[in-house]
Engineer: 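The structure under discussion is supplied below as C-alpha cells; questions concerning it will follow.
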Amino acid sequence: MAMMQRCFSNRILQQFCSGTQVTLLSGCHRAAGRRSLSSVPGVRERTLIAIKPDGVQRRLVGQIIQRFEQRGFKLVGLKMLQVSDDLLSQHYGQLRTKPFYPGLLQYMTSGPVVAMVWEGYKVIESSRMMVGHTNPAEAQPGTVRGDFSIHVSRNVVHASDSVEGAQREIQLWFKGKELLNWECCDHASTFGL
Ligand SMILES: Nc1ncnc2c1ncn2[C@@H]1O[C@H](COP(=O)(O)OP(=O)(O)OP(=O)(O)O)[C@@H](O)[C@H]1O
Ligand SMILES: O=c1ccn([C@@H]2O[C@H](COP(=O)(O)OP(=O)(O)O)[C@@H](O)[C@H]2O)c(=O)[nH]1
Ligand SMILES: [Mg+2]
C-alpha cells in the first residue's frame, strides 16, 4: 500500500480501488438513472423510540441516539416531554390489568421522556434487537437494556414492537407536522442504491 501511495495521486488511487468509492466522493447527488430511495420496499418504515425518565436522568440520551445514528437509521422526529397520564394509558393500554401497571405509570411520569421517530429498512425489528429483552437481566450485552440497565422496572427505553403498534404509537406521540421528511445523502452507503 505504501508503494501504491507513492505511485498514484490520491484521486487515481481512489479510482483504482473502487469505482463506487469515486461516486461517493463526488458528493451527495444521486447519479442519473439510479433507483430512487422510495422504490426500495421497507426503507420508509418508522418506529417510536422513547428514552424513559431513568434514561434521561442518567444522561444516556446522547449514547442512545448515537447507536441509532451509527446503525444507519434516520431521525425524523424528536422531542422532550413530560408525559401525561392520558397519553400513557393509551400507550400502555394493553398492560392495564398487570400488577406492575400503577408502578409503570408512576415511573413513566416521574420526569421528562425523550420521544423519537426513527426511519429505515426494518427499523422496527432492528430497533427491538438493539433495545434488547424487556427484562434487562435477560438482555444481551450490546443491547441498550443489556448495557445500561439491570431491572425490568427501570429499563431505560421503549421501542415499538410491530408495524401496527408503531403506527399507532407514532400517531399518539407525534403530530404529523412534527415529523420531517428529509433525504440523507448516504443512500449509496446504506441501501446500495
Ligand atoms: N414485571 C415488571 N415489573 C415492572 N415493570 C415491568 C414489568 N414488566 C414490564 N414492565 C415495564 O413495562 C414495560 C412494558 O412492557 P412490555 O411487555 O411492553 O415490554 P417491552 O415491549 O419490552 O417494553 P416497552 O413497551 O416499554 O418497549 C416494560 O418495558 C417495563 O418498563
Ligand atoms: O414485568 C414487567 C413487564 C413490563 N414492565 C414495564 O412495562 C413496559 C412495557 O412492557 P412491554 O411488554 O411492552 O415491554 P417492552 O416493549 O418495553 O420491551 C416495559 O418496558 C417495562 O418498563 C414492567 O415494569 N414489568
Ligand atoms: Mg412493549
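In listed order, ligands and their atoms are each counted from 1. Below, each value reflects all heavy atoms present in this structure, side chains not excepted, and no hydrogens, waters or symmetry copies.
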Engineer: Please check whether His91 reaches ligand 1 - meaning an N/O of the residue sits under 3.5 Å from an N/O of the ligand, judged on distance alone.
Structural biologist: no

Engineer: Looking only at protein heavy atoms, identify the closest one to atom 3 (N) of ligand 1 and say how far it is in Å.
Structural biologist: Val152 CG1, 3.4 Å

Engineer: Any N or O of Tyr107 that comes nearer than 3.5 Å to an N or O of ligand 1?
Structural biologist: no

Engineer: Just distances here: any N/O of Lys52 and N/O of ligand 2 closer than 3.5 Å?
Structural biologist: yes

Engineer: Below 3.5 Å, N or O to N or O, backbone or side chain included: is there any such pair between Gln94 and ligand 1?
Structural biologist: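 No, there is no polar N/O contact under 3.5 Å.
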
Engineer: Report yes if Asn155 has an N/O atom closer than 3.5 Å to an N/O atom of ligand 2; otherwise report no.
Structural biologist: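 Yes: some nitrogen or oxygen of Asn155 is under 3.5 Å from one in ligand 2.
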
Engineer: Any N or O of Ser153 that comes nearer than 3.5 Å to an N or O of ligand 2?
Structural biologist: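 No, since none of the N or O atoms of Ser153 sits under 3.5 Å from an N or O of ligand 2.
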
Engineer: Between Ile49 and Ser127, is any pair of side-chain heavy atoms under 4.5 Å apart?
Structural biologist: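 Of all side-chain heavy-atom pairs linking Ser127 with Ile49, at least one is under 4.5 Å.
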
Engineer: In ligand 1, which numbered atoms sit nearer than 4.0 Å to a non-hydrogen atom of Arg128?
Structural biologist: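 Numbered from 1, ligand 1 contributes 20 (P), 21 (O), 22 (O), 27 (O).
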
Engineer: Need the ligand 1 atom indices (1-based, order shown) with element for anything under 4.0 Å from a heavy-atom of Asn155.
Structural biologist: 28 (C), 29 (O), 30 (C), 31 (O)

Engineer: For atom 11 (C) of ligand 1, what's the nearest protein heavy-atom neighbour? Residue, atom name and distance, please.
Structural biologist: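 Ranked first by proximity to atom 11 (C) of ligand 1 is Leu104 CD1, 3.8 Å.
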
Engineer: For atom 14 (C) of ligand 1, what is the closest protein heavy atom, and at what distance to 0.1 Å?
Structural biologist: Leu95 CD1, 3.5 Å

Engineer: Within 45° of the axis and under 6.0 Å from the centre of the six-membered ring of Tyr107, does NZ or CZ of Lys52 qualify?
Structural biologist: no

Engineer: Could a heavy atom of Leu104 be found less than 4.0 Å from some atom of ligand 2?
Structural biologist: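 It does; at least one heavy atom falls under 4.0 Å.
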
Engineer: Tell me the protein heavy atom at minimum distance from atom 23 (O) of ligand 1, and give that distance in Å.
Structural biologist: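 Answer, as residue, atom name and distance: Arg145 NH2, 3.2 Å.
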
Engineer: Is any side-chain heavy atom of Val117 less than 4.5 Å from a side-chain heavy atom of Phe174?
Structural biologist: yes

Engineer: Using a 6.0 Å distance limit plus a 45 degree cone around the ring axis, check whether Lys74 lies over the aromatic ring of Trp182.
Structural biologist: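 Yes, Lys74 lies over the aromatic ring of Trp182.
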
Engineer: List in chain and number order the residues that pass ring-ring contact (aromatic ring centres under 6.0 Å, His included) with His158, two or more places apart in sequence or in another chain; answer none if no residue qualifies.
Structural biologist: His91

Engineer: Would you mind listing which atoms of ligand 1 come within a distance below 4.0 Å of any non-hydrogen atom of Ala159?
Structural biologist: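 Taking each heavy atom of Ala159 in turn, ligand 1 has 27 (O) under 4.0 Å.
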
Engineer: Between Gln171 and Arg168 (side chain of the first, backbone of the second, donor and acceptor by atom type, cut-off under 3.5 Å), is there such a pair?
Structural biologist: no

Engineer: Flag yes if more than 12 heavy atoms outside Leu81 fall under 6.0 Å of its CG atom; otherwise flag no.
Structural biologist: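 Result for CG/Leu81: enclosed.
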
Engineer: According to salt bridge (Lys or Arg N to Asp or Glu O under 4.0 Å), who are the partners of Arg128, at least two apart in sequence or on a separate chain?
Structural biologist: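 Arg128 satisfies salt bridge (Lys or Arg N to Asp or Glu O under 4.0 Å) with no other residue.
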
Engineer: Which residue owns the protein heavy atom closest to atom 25 (O) of ligand 1, what's the atom, and how far is it?
Structural biologist: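 Answer for atom 25 (O) of ligand 1: His158 ND1, 3.0 Å.
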
Engineer: Measure the distance from atom 10 (O) of ligand 2 to every protein heavy atom, then report the residue, atom name and distance (to 0.1 Å) of the closest one.
Structural biologist: Leu95 CD1, 3.6 Å

Engineer: Looking at atom 26 (O) of ligand 1, what's its closest protein heavy atom, distance included?
Structural biologist: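 Checked against all protein heavy atoms, atom 26 (O) of ligand 1 sits closest to Tyr92 OH, 2.4 Å.
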
Engineer: Write out the residue and atom name of the closest protein heavy atom to atom 20 (P) of ligand 1, then the distance separating them to 0.1 Å.
Structural biologist: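 For atom 20 (P) of ligand 1, the nearest protein heavy atom is Thr134 OG1, 3.3 Å.
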
Engineer: Give yes if a backbone or side-chain nitrogen or oxygen of Arg128 is under 3.5 Å from a nitrogen or oxygen of ligand 2, and no if not.
Structural biologist: yes

Engineer: Under 3.5 Å between any N/O of Arg145 and any N/O of ligand 2: does that happen in this structure?
Structural biologist: yes

Engineer: Which residue supplies the protein heavy atom nearest to atom 10 (N) of ligand 1, what is that atom called, and how far is it?
Structural biologist: Phe100 CE1, 3.6 Å

Engineer: If only atom types and distance count, is the side chain of Arg96 paired as donor or acceptor with the main-chain N or O of Tyr101 below 3.5 Å?
Structural biologist: no

